[in-house]
Amino acid sequence: MRRFNPNPEYLQVRAEVRSNELAGKPMPRTTPKDVRNANARREIERRRMERDARE
């Protein structure tokens, strides 16, 4: 019989969503991973714009 070993990050997100549901809080719009990815994209775009301005 196979064991279920899900991604720990998925379990963390599901636990937060469930606790918010039980507490009657609104659903989170973004996850910390989404925020990190957005920050990285902004930094990459900023560096690209600086490089283009120098050329």
Side-chain angles (χ1 to χ4, degrees):
M1 184 173 190
R2 293 179 61 191
R3 296 184 66 148
F4 179 62
N5 293 318
N7 181 355
E9 186 172 309
Y10 170 78
L11 289 179
Q12 180 67 29
V13 170
R14 285 298 306 148
E16 289 175 13
V17 168
R18 185 65 181 140
S19 70
N20 287 342
E21 288 174 354
L22 292 173
K25 296 180 182 175
M27 294 288 289
R29 297 283 187 240
T30 60
T31 64
K33 184 178 180 182
D34 294 334
V35 173
R36 286 192 306 271
N37 288 342
N39 289 338
R41 285 192 300 272
R42 280 194 291 275
E43 181 65 19
I44 290 168
E45 183 64 18
R46 184 186 67 78
R47 289 179 186 179
R48 185 189 65 78
M49 290 171 61
E50 286 179 352
R51 186 179 63 239
D52 289 348
R54 282 193 304 255
E55 293 175 353

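Heads up: numbering here begins at 1 and tracks the sequence. Predicted model, so just to flag it, every value in this text is computed and none were measured. Only heavy atoms go into these numbers, but all of them, side chains included; no hydrogens, no water, no symmetry mates.
A salt bridge links Arg46 to Glu43: at least one charged side-chain nitrogen sits closer than 4.0 Å to a carboxylate oxygen. Under 4.0 Å is where a charged nitrogen must lie from a carboxylate oxygen, and between Glu50 and Arg47 no such pair does.
In this structure, a donor-acceptor pair under 3.5 Å is absent between the side chains of Arg36 and Asn39.
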After noting the C-alpha distance and the side-chain angles of Glu45 and Arg42, does the key distance pass the salt bridge (charged side-chain N to carboxylate O under 4.0 Å, His left out) rule? CA-CA 5 Å; Glu45 183 64 18; Arg42 280 194 291 275; over 6 Å; no

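The shortest side-chain heavy-atom distance between Arg41 and Ile44 does not fall under the 4.5 Å cut-off. Looking only at side-chain heavy atoms (C-beta outward), Arg51 and Glu55 come within less than 4.5 Å of each other. The side-chain heavy atoms of Arg14 and Val17, taken from C-beta on, include a pair separated by under 4.5 Å.
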